[in-house]
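Here, residue 1 is the first one in the sequence, and each next residue gets the next number. Keep in mind the model is a prediction, meaning the values are calculated, not measured.
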Amino acid sequence: MKLRVYYEDTDCGGVVYHSNYFNFCERARSELFFKKGLSPHNKDEFFVVRSSTADWIKPAVFGDILKINTKLVEKKSASIVMYQEILRDDEVLFKATFKLAFLKNFKPSKIPLEIFEILN
């Protein structure tokens, strides 16, 4: 997924505010579903972030065009681990790993096979 950094994404110095990198990653994960004409959140089934680790390497700034790469690195019956990186051109600015739990009616649940197909 590609996106442009807007003024609202930055601090007063024009540098992307640290928490917005998480927002960019969330958008990219949602986009995997939207590209298939689906929603990442159905009335009673959805993913939640259980844990994450992140590394801010270099800052993105106002006007940058960023690319967010998303890769499924581990899948279990009720959770997945995804690796994401944000790049400007070919330069990695941010990387993170997210453990996502699948919930149905707000309880951990087995991930349906068709969702694994979307994420691969």
Practice item. Could you tell me which residues satisfy side chain to side chain contact (heavy atoms under 4.5 Å, CB included) with Lys71, sequence neighbours excluded, listed by chain and number? Key: Val73
Check your understanding: Can you name the side chain to side chain contact (heavy atoms under 4.5 Å, CB included) partners of Lys75, sequence neighbours left out?
Key -> Leu72, Ile80, Phe116, Asn120
Compare every heavy atom of [Y] with every heavy atom of [X], then report the nearest pair and how far apart it is.
| X | Y | result |
| --- | --- | --- |
| Ala60 | Leu93 | CB-CD1, 3.8 Å |
| Ser30 | Pro40 | OG-CG, 3.7 Å |
| Ala78 | Ile111 | C-CD1, 3.8 Å |

Practice item. Determine the interplanar angle of the Phe33 and Phe47 rings, folded into 0 to 90°, and report it as parallel if under 30°, tilted if 30 to 60°, perpendicular if over 60°. Key: tilted
Exercise for review: Flag the pair Tyr17 / Trp56 as yes when their ring centroid distance falls below 6.0 Å, and as no otherwise.
Suggested key: no
Practice item. Apply side-chain contact (heavy atoms from CB on, under 4.5 Å) to the pair Leu66 and Lys2, showing each step before the final yes or no. Key: CA-CA 5 Å; Leu66 304 177; Lys2 289 189 177 185; over 6 Å; no
Kindly say whether [Y] contributes a backbone atom to a donor-acceptor pair with the side chain of [X] at under 3.5 angstrom?
| X | Y | result |
| --- | --- | --- |
| Gln84 | Cys25 | yes |
| Arg88 | Pro59 | yes |
| Arg4 | Gly63 | yes |

Do [X] and [Y] touch side chain to side chain, with heavy atoms closer than 4.5 Å?
| X | Y | answer |
| --- | --- | --- |
| Val15 | Thr10 | no |
| Asp55 | Phe94 | no |
| Thr70 | Phe98 | no |
| Glu45 | Phe102 | yes |
| Asp64 | Phe62 | no |
| Lys95 | Ile86 | no |

Revision key, fill the gap. Applied to residues 8-24, the salt bridge (Lys or Arg N to Asp or Glu O under 4.0 Å) test, sequence neighbours excluded, yields none
Review point. CG of Asn42: more than 12 outside heavy atoms within 6.0 angstrom?
Key: yes
Exercise for review: Walk me through it: do Lys76 and Glu74 pass the test salt bridge (Lys or Arg N to Asp or Glu O under 4.0 Å)?
Suggested key: CA-CA 7 Å; Lys76 295 186 177 178; Glu74 182 181 322; 3.5 Å; yes
Point to revise | Spacing of OH belonging to Tyr21 relative to CD1 belonging to Ile68, to within rounding of 0.5 Å | key: 11.0 Å
Review point. Do Lys104 and Asp44 sit within salt-bridge range, that is, some charged N less than 4.0 Å from a carboxylate O?
Key: no
